[in-house]
K.L.:
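To start, I am sharing the structure in question, which I have written as structure tokens.
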Amino acid sequence: MKINNARNNILNRLKTSLKSESEPVAHDVPDSLDWGVDDRLLHFNKQLQAANAEVHDATKDNWLITLKHICSTKRLKNLLFSPATPWGAQILERSYEFPTFKHFDYPIDEWKPALFDGIDAAFTSTHGGIAETGTIILWPDTHEPRLISLVPPVHIALVEKTEIYSTFADALKTQNWIKTGLPTNILLISGPSKSADIEQTLTYGVHGPKELVIILV
Amino acid sequence: MTTEFRKHIQHALTQREVQANTKNVVNRLRNHRRAALSDQADWQRLRRQSTAIRTHAVDKLPQLLELLEDKLTQNGIRVHWAETTEQANQIVLTIMQQHNASFVIKGKSMVSEEMGLNHYLKAHGIECLESDLGELIIQLANEQPSHIIVPALHKNRKQIARLFHTYFPATPYTEDINALAQSARHFLRHKFATAPVGLTGVNFMVAETGTLCLVENEGNGRMCSSVPPVHIAVSGIEKVVEHLSDVPPLLRMLTRSATGQSITTYFNMISSPRKPDEKDGPLEVHLVLLDNGRSRIYNDLELRDTLNCIRCGACMNHCPIYKHIGGHAYQTVIPGPIGTILEPQKSGLNLYGELTQVSTLCGACREVCPVSIPIPKIINRLRWEYIRQSACNIPGAGSGKKKTEAIVWKIWAWSCVHPVVYNRIGRTITNMRSLIGRILKKISAWTAVRSTPKLTKTTLHERLKALKIEDK
Amino acid sequence: MNLTPTNASSKPDSVYFYGTCLIDLLYPQAGVSAVHLLKREGVNVIYPQAQTCCGQPAWNSGYRDEALTVARAQLALFSKPIPIVVPSASCAGMIKVHYPELFNAQPDKSKALDIAERTYELTEFLTDILNINLTDLGAPVTVAVHSSCSARHEMKVADRIDILLDQLHNVTHAEPANKEECCGFGGTFAIKQPEISAAMVLEKAKAIEYTNAQRLIGQDCGCLMNIGCALEKQGHTITHQHIAKFLWDRTGGPHRDN
């Protein structure tokens, strides 16, 4: 009752206020940058590495070898991924070559403790990347829920080179987010978790993953 | 007369360690920003764009809020409206009680600071835990944030090391920043996993899609908004933008202006609670929209620009006064230049009117503001409202009026419109310059650190007359 | 009409000179030097003797009625359509930027706008309008420059003083740390908030001392007085001087004064 009043009171005050017509939004800033595929790759790589992420160049044929290499270099005891995605299915096919694989096919409430304690790394696909800022785009879904890119200490993400856009605005426009409709959650990730809250000095792995590893195919 | 406020400033100026810490961080932030926005033409274009987006959104505020509410509701996010901080606190408390929750894990939110939420919930038996590293530090120290982006910038690693050692005795004393951050990670991980409710602020709300956007680096914002079964977001009503396409340019300006980053580690866009086929994410998402004076500020077209703010903190990083006195001396939720114009408007000139005097009007804040808020102009306007009885609806208008001061200005104005008088005063002053010099010497406000200015024997008026410079 | 400054390439025959009250009482040599410089460039200078103050102290203190009264009296001084040259970015900024705000709802608004349009800060006028050419006759000297915040952020002419000094081949130009930061003067601010002002000016003085300059130069006497007096009180030998006096002394003067 009181709350409804609050809503109406606020809106009434705003609506009865003086009107001002602002100028239309200027369009002299382009949505995208004039970069070819190579430029986009170069910037994407450079920015991510500057943000302390690892980037591995691979192909659609040999990326599993890259992933295997990452798992062994980092001595991962297990890997969380979804076998239901096309990329995940490929890992599953050769699961004998990988650390113990983990998968949760039920609501979080049942796997929260296991997720927070005992997962070494998670693998996810991506919804593309942004070159200007060195960013991966994630549209978490039923197969790859949002927490798997957040809770485990290592996040390994696969990005298709053809899906790297020059800017955020470019990605949003080219992928036509408005028409597609926004999912529950979209994440832009541009490196491992970090903080500069102490003396403006960077430290990594504060609450999210300590390492972000990108496999480019 | 030394007011309470002046005393705080005097105290702040004696805090050498705080001053050194503040200057250190502020200088770093300035350099970071400069590196990110060095191209002047580029900066001007980006600023025009961001300014237009924010001005447009603020001008359409009532329509956009209604659209936002519609979209959010369609998406399954529950929208609550609060006219006052008291109402906002009650809303949060009610949600907590509905879930029998006695613990809430918090992401960084200046609106929750404005609400005094932690105190309020504590009084109702609910524990709040800050999870942003900087906010955790000041919560452990039982202090207020001294900066809106870097809440603990007034503390150095040694002070933080001592603090952590006291609160986490199991971890050995260390001044290593990585180790300190890891002890916070260790301490908070279990808390994220078990918290029944997470609470965060909001950076942008997109009306056309019903989306809440969160900007952060640590991942604690993501934790708070996606691990607990209930997520409560709190926001000022002004944070809405119309289009999804408005977000990339604002994000770009926000992060570059704040810390010089081209983007933060995480940009989190939340458009709904967990859907039936999804495995994680909160089952309930609530948005609390707080007015607390904003709709009043809205009614004045000049003051309305205050609401354009995207809380990047660049104005405080570049303010010479903030740099010297630090955030706490302001005694407000939001310090620095933006706080100087926002807090008196929100809470009243009777409470914060004196703040309007704490500016040289140097204009550094306006220069770096990514959305072109004319902060010095608004300070000037508030100084006017502070000393006059007016129809203006800022609470406490006229509360700074002082009879003697008003008379001095009247006399000054009178002499300035009577050149004969003015020149006679000028001549009297210069004739009696040794006496006046001695009087000036007594003005310790000036002479504490400066010598007495030397009055001239003959004024410019007299000299140019003597040089036969034309008069008309 | 080559009297109007709108055509920047043509030199005006005459200008009004608006001396400012600080220069009137404390630094008249700066005003006299500025007049000499203008005259040497072939510009006739008119100095309305009825001028007093631009009204800025009242405007910045929230006393708008008093500011308006005083400003209105100044409007009456500049009836000819010729430029108004002000040897202070702070006072020039008051006229150029704030008169239009101050007179916004006033019957004489158009007069204020006209005067605002015609107002120039001195270094801006010497470089942009007069394209002045300077020949340095002085001995080698190292100077530090403090550009006022009004010059930098309001009038946007902070670089003009550098352009002028660069023409003087015997002058070495040292750059203080944080040169763009406010010195803490702020008019009445220095008296109303003496503690912060002191902290600011001491930091500024230190930065200038650190340059090993022999002299501090600026385009605003308020800041110069603030920093200069602070340097003096701390026992430093760095003297302070308005750009007009410095230029005149090195290129044609010294004229008799003091």
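In what follows, every chain begins at residue 1, and chains take the letters A, B, ... in the order their sequences are listed.
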K.L.:
Is it the case that B:N178 and A:T203 place a side-chain donor and acceptor less than 3.5 Å from each other?
P.N.:
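Checked: B:N178/A:T203 side chains pair up, N/O donor to acceptor below 3.5 Å.
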K.L.:
Measuring heavy-atom distances to chain A, does B:P273 have an atom under 4.5 Å in its side chain, in its backbone, in both, or in neither?
P.N.:
backbone
K.L.:
Report which part of B:L65 has an atom under 4.5 Å of a heavy atom belonging to chain A: side chain, backbone, both, or neither.
P.N.:
side chain
K.L.:
How about B:K275: does its NZ atom have over 12 heavy atoms from other parts shown lying under 6.0 Å from it?
P.N.:
yes
K.L.:
So which residue, A:T167, A:T184, A:I198, ends up with the most heavy-atom pairs under 4.5 Å with chain B?
P.N.:
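Top option by heavy-atom pairs under 4.5 Å: A:T184.
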K.L.:
Determine yes or no for a side-chain-to-main-chain donor-acceptor pair under 3.5 angstrom, with B:R185 supplying the side chain and A:G208 the backbone.
P.N.:
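Yes: the side chain of B:R185 pairs with the backbone of A:G208.
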K.L.:
Does any backbone or side-chain atom of B:R304 lie under 4.5 Å from a heavy atom of chain A? Answer side chain, backbone, both or neither.
P.N.:
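Just its side chain gets close to chain A.
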K.L.:
Highest number of heavy-atom pairs under 4.5 Å with chain A: which of B:E218, B:H190, B:H243, B:R45?
P.N.:
B:E218
K.L.:
What I want to find out is whether B:E69 reaches A:R7 closely enough, with some N-O distance under 4.0 Å, to be called a salt bridge.
P.N.:
yes
K.L.:
Looking at chain B, which one of A:P145, A:P107, A:P192 has the largest number of heavy-atom pairs inside 4.5 Å, strictly under?
P.N.:
A:P145
K.L.:
Do A:S20 and B:D59 have a side chain donor and acceptor closer than 3.5 Å?
P.N.:
yes
K.L.:
Heavy-atom distances under 4.5 Å only: say whether A:L172 touches chain B with side chain, backbone, both or neither.
P.N.:
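Looking at A:L172, just its side chain touches chain B.
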K.L.:
Given the options A:P209, A:G205, A:P140, which has more heavy-atom pairs under 4.5 Å with chain B than any of the others?
P.N.:
A:G205
K.L.:
Treating A:N185 as the side-chain partner and B:M269 as the backbone partner, does any N or O pair qualify as donor plus acceptor under 3.5 Å?
P.N.:
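Side chain of A:N185 to backbone of B:M269: a pair is present.
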K.L.:
Chain B heavy atoms under 4.5 Å from A:T135: which part of the residue, side chain, backbone, both or neither?
P.N.:
side chain
K.L.:
Compute whether any side-chain donor of one residue and acceptor of the other, for A:T142 and B:E278, lie under 3.5 angstrom apart.
P.N.:
no
K.L.:
Less than 4.5 Å apart, side chain to side chain, heavy atoms only: is that true for A:R146 and B:S225?
P.N.:
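In short, these two side chains do not touch, never coming nearer than 4.5 Å.
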K.L.:
Is B:K279 paired with A:D105 through a side-chain N to carboxylate O contact shorter than 4.0 Å?
P.N.:
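Here A:D105 pairs with B:K279 in a salt bridge, since their nearest N and O are under 4.0 Å apart.
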K.L.:
Could you look at A:K194 and say if it's the side chain, the backbone, both or neither that has a heavy atom under 4.5 Å from chain B?
P.N.:
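Answer is both: backbone and side chain atoms of A:K194 are under 4.5 Å from chain B.
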K.L.:
Please check: side-chain N/O of B:R189 versus main-chain N/O of A:D117, any donor-acceptor pairing under 3.5 Å?
P.N.:
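Judged by distance alone, no pair lies under 3.5 Å.
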K.L.:
Please state whether the side chain, the backbone, both or neither of B:L188 comes within less than 4.5 Å of a heavy atom of chain A.
P.N.:
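For B:L188, side-chain heavy atoms alone lie under 4.5 Å from chain A.
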K.L.:
Salt bridge or not between A:K15 and B:E66? Use side-chain N to carboxylate O under 4.0 Å.
P.N.:
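B:E66 and A:K15: salt-bridged.
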K.L.:
Please classify the contact between B:S50 and chain A as side chain, backbone, both or neither, with a heavy-atom cut-off of under 4.5 Å.
P.N.:
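Contact with chain A involves no heavy atom of B:S50 at all.
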K.L.:
Heavy-atom distances under 4.5 Å only: say whether B:I237 touches chain A with side chain, backbone, both or neither.
P.N.:
side chain
K.L.:
With a 4.5 angstrom heavy-atom cut-off, could you sort out which part of B:H32 is near chain A: side chain, backbone, both or neither?
P.N.:
side chain
K.L.:
Sort out for me which of B:I270, B:I177, B:D277, B:D42 touches chain A most, counting heavy-atom pairs under 4.5 Å.
P.N.:
B:I177
K.L.:
Pick from A:L202, A:L150, A:L187, A:L182: which one has the most heavy-atom pairs with chain B under 4.5 Å?
P.N.:
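Among the listed options, the one with the most contacts to chain B is A:L150.
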K.L.:
Measure A:A51 against the heavy atoms of chain B and call it side chain, backbone, both or neither at under 4.5 Å.
P.N.:
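Neither the backbone nor the side chain of A:A51 comes within 4.5 Å of chain B.
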K.L.:
For side chain to side chain contact (heavy atoms under 4.5 Å, CB included), just list the numbers for B:S226 and A:L147, CA-CA rounded to whole Å, side-chain angles, deciding distance to a tenth of an Å, and then say yes or no.
P.N.:
CA-CA 7 Å; B:S226 42; A:L147 290 184; 3.7 Å; yes
K.L.:
Of the backbone (N, CA, C, O) and the side chain (C-beta and beyond), which part of B:R28 lies under 4.5 Å from a heavy atom of chain A, both, or neither?
P.N.:
side chain
K.L.:
Check each atom of B:V227 against the heavy atoms of chain A and say whether the ones under 4.5 Å are side chain, backbone, both or neither.
P.N.:
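Both the backbone and the side chain of B:V227 come within 4.5 Å of chain A.
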K.L.:
Taking 4.0 angstrom as the limit, do A:R13 and B:D291 come out as a salt bridge?
P.N.:
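Between B:D291 and A:R13 there is a salt bridge, with a charged N closer than 4.0 Å to a carboxylate O.
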K.L.:
Count the heavy-atom pairs under 4.5 Å between each of A:L14, A:I178, A:I108, A:I130 and chain B, then report the option with the highest count.
P.N.:
A:L14
K.L.:
Any sub-3.5 Å donor-acceptor pair from A:E199's side-chain atoms to B:R157's backbone N or O?
P.N.:
yes
K.L.:
Scan side-chain atoms only and decide if A:S149 and B:R222 contain a donor-acceptor pair under the 3.5 Å cut-off.
P.N.:
yes
K.L.:
Output the option from B:T194, B:T209, B:L153 having the highest count of non-hydrogen pairs under 4.5 Å with chain A.
P.N.:
B:T209
K.L.:
So which part of A:K173 gets closer than 4.5 Å to some heavy atom of chain B, the side chain, the backbone, both or neither?
P.N.:
neither
K.L.:
Could you tell me if A:E132 and B:S262 have a donor-acceptor pair between their side chains, going purely by distance under 3.5 Å?
P.N.:
no
K.L.:
Relative to chain A, which segment of B:T211 carries a heavy atom at a distance below 4.5 Å: side chain, backbone, both, or neither?
P.N.:
side chain
K.L.:
Measure distances from A:E110 to the heavy atoms of chain B and classify the residue's part below 4.5 Å as side chain, backbone, both or neither.
P.N.:
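For A:E110, no heavy atom lies under 4.5 Å from chain B.
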K.L.:
Is a donor on one side and an acceptor on the other found under 3.5 Å between the side chain of A:H207 and the backbone of B:S131?
P.N.:
yes
